[in-house]
Amino acid sequence: MEAEDDRVTIVVASRNRRSDLLASLPRHRAPVILVDNGSADGSADAVAAAHPNVTVIRLPRNLGAAARTVGVRAATTQFVAFADDDSWWAPGALRAAADALAEHPRLGLVCAKILVGPEERVDPVSELMAASPLPRVGATPGEPLLGFVACAAMVRRSAFLSSGGFDTVVRFPGEEERLALDLAAGGWAMSYVRDVVVHHHPSPSRQPPGKRQHGMARAATLTALMRLPWRDAVGRIRHVAAQGPDHRSGVVRGLREAPAALRHRRPIPGEVAAMRKLLARW
């Protein structure tokens with residue numbers, strides 16, 4: 001398929017999702033870098049054989065979301081769009097997101113509207129983003145954000161890398177929060193642009209809900225330890241733990257990994273903490 005915009009590379013990180021990858025890769029309208037997270041199902045070989053134009057980076061072990069950072073470093077374009085092995089950008093979406101980034105130099109990330117499944121239901125997360133209570137930043141398009149969904153995000157490569165990218169502490173899931181905080185701390189705006197669309201057809205091999213809740217609670221705990229002022233961190237961890245047994249077990253796991261988080265502790269500035277509190281009260 002012809003590239004839609006030569007300013008954009010698509011980075012896909014995947015692990016053991018061979019059939020999903022082979023179905024979604026032909027839908028991409030930009031050069032693709034696939035970062036294989038140590039798959040054991042022959043994903044990398046299958047993609048290399050079926051799609052020789054895809055750049056395949058084979059990792060010896062699973063880095064979680066940090067695999068996307070490997071892909072962004074390998075990209076040479078100004079902007080990088082993320083996709084999962086079960087998602088793709090709609091026709092015209094890559095160009096529209098790249099135009100928004102090009103026209104607004106302090107815009108570091110554009111998050112698209114997510115349409116789920118063949119029935120194209122609007123993802124509830126997209127509906128929340130559309131109603132963001134955060135104040136607008138200058139003339140940036142769309143709704144201001146302090147978070148995003150990775151598979152529906154296009155980043156300014158320089159902003160992503162200067163903010164640390166996705167890290168090896170949080171890994172996956174829940175990797176977006178720490179990066180969003182660091183983008184905001186670096187003075188980068190993030191916007192939800194509803195006219196930019198990503199399709200997501202959730203893989204049947206996704207994590208069960210309890211395991212995902214456990215993982216999200218772990219990530220929230222680690223992010224709180226890495227970036228929130230101590231009072232806010234304690235409150236955040238207590239709030240997450242109170243949501244149920246899977247959340248509590250995730251918090252316990254996160255606390256066990258606290259030394260790694262604390263080595264990277266860098267509390268967010270007051271203005272970003274204020275934005276976060278505004279969202280928490282909303």
Side-chain angles (χ1 to χ4, degrees), residues 1-14 20-36 47-48 50-57 65-115 123 126 129 140-143 145 147-166 175-176 179-180 183 186 188-201:
M1 186 179 295
E2 183 178 351
E4 184 172 288
D5 195 304
D6 61 10
R7 297 170 294 181
V8 180
T9 301
I10 295 174
V11 167
V12 179
S14 181
D20 294 304
L21 270 176
L22 293 176
S24 63
L25 285 173
R27 298 177 179 269
H28 294 312
R29 292 173 167 81
V32 176
I33 296 174
L34 167 67
V35 187
D36 183 78
V47 169
H51 302 287
N53 291 331
V54 172
T55 299
V56 180
I57 298 175
R68 296 196 194 102
T69 305
V70 174
V72 174
R73 290 190 182 118
T76 58
T77 51
Q78 185 179 3
F79 310 128
V80 176
F82 297 117
D84 287 346
D85 40 41
D86 56 2
S87 74
W88 59 91
W89 291 66
L94 294 172
R95 181 176 295 113
D99 284 345
L101 289 165
E103 291 167 11
H104 302 278
R106 295 309 301 170
L107 185 61
L109 180 148
V110 167
C111 193
K113 177 169 66 178
I114 302 171
L115 300 182
D123 192 301
S126 296
M129 291 181 177
T140 52
E143 308 304 324
L145 298 176
F148 62 95
V149 179
C151 74
M154 182 183 291
V155 297
R156 187 182 303 275
R157 182 175 179 271
S158 59
F160 176 89
L161 293 176
S162 68
S163 301
F166 296 112
E175 68 273 17
E176 296 96 340
L179 177 56
L183 282 165
W188 296 103
M190 291 162 276
S191 291
Y192 169 73
V193 181
R194 69 187 72 200
D195 293 334
V196 177
V197 171
V198 161
H199 293 281
H200 181 208
H201 289 203

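- Using a 4.5 Å heavy-atom threshold, the side chains of D20 and H201 count as separate.
- For the pair I33 and G71, the tightest heavy-atom approach, listed with the atom from each and the gap, is CD1-O, 3.7 Å.
- When atom types are taken as modelled, the side chain of W89 and the backbone of R27 share no donor-acceptor pair closer than 3.5 angstrom.
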Review point. Where do V8 and R95 land on the side chain to side chain contact (heavy atoms under 4.5 Å, CB included) test, with the steps shown first?
Key: CA-CA 8 Å; V8 180; R95 181 176 295 113; over 6 Å; no
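- S126 contributes a side-chain N or O that, together with a main-chain N or O of I114, makes up a donor-acceptor pair within less than 3.5 Å.
- For the pair S162 (side chain) and A159 (backbone), a donor-acceptor distance under 3.5 Å is present.
- Remark: the backbone N or O of D85 is paired with a side-chain donor or acceptor of S24 at under 3.5 angstrom.
- Between the CG atom of D6 and the CG atom of L94 there is a distance of 12.0 Å, given to the nearest 0.5 Å.
- Ring centers of F148 and Y192: at least 6.0 Å apart, outside the cut-off.
- Looking only at distances, a side-chain donor or acceptor of R156 sits under 3.5 Å from a matching main-chain atom of L101.
- With rounding to the nearest 0.5 angstrom, the CG atom of L115 is 5.5 Å from the NE2 atom of H199.
- Between V56 and V47, the closest heavy-atom pair is CG2-CG1, 4.0 Å.
- Of the possible polar contacts, one joining the R157 side chain to the V72 backbone as a donor-acceptor pair under 3.5 Å is found.
- Looking at L107 and S191, their side chains come closer than 4.5 Å, going by heavy atoms from C-beta outward.
- We find the CG-NZ distance between D123 and K113 to be 11.5 Å, quoted to the nearest 0.5 Å.
- When all heavy atoms of I57 and A74 are compared, the pair lying nearest together is CD1-CB, 3.8 Å.
- Nearest approach of A150 to E175, heavy atoms of both residues: CB-OE2, 3.9 Å.
- Residues A93 and E4 come closest through the heavy atom pair N-OE2, 3.5 Å.
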Practice item. Carefully, step by step, assess T140 and R106 under the rule side chain to side chain contact (heavy atoms under 4.5 Å, CB included). Key: CA-CA 8 Å; T140 52; R106 295 309 301 170; 5.9 Å; no
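- Judged by distance alone, the side chain of T69 and the main-chain N or O of F166 form a donor-acceptor pair under 3.5 Å.
- Considering CZ of F79 and CD1 of I10, their distance stands at 14.5 Å, rounded to 0.5 Å.
- The side-chain heavy atoms of R68 and D84, taken from C-beta on, include a pair separated by under 4.5 Å.
- The minimum heavy-atom distance between C111 and V149, with the atom names listed, is SG-N, 3.7 Å.
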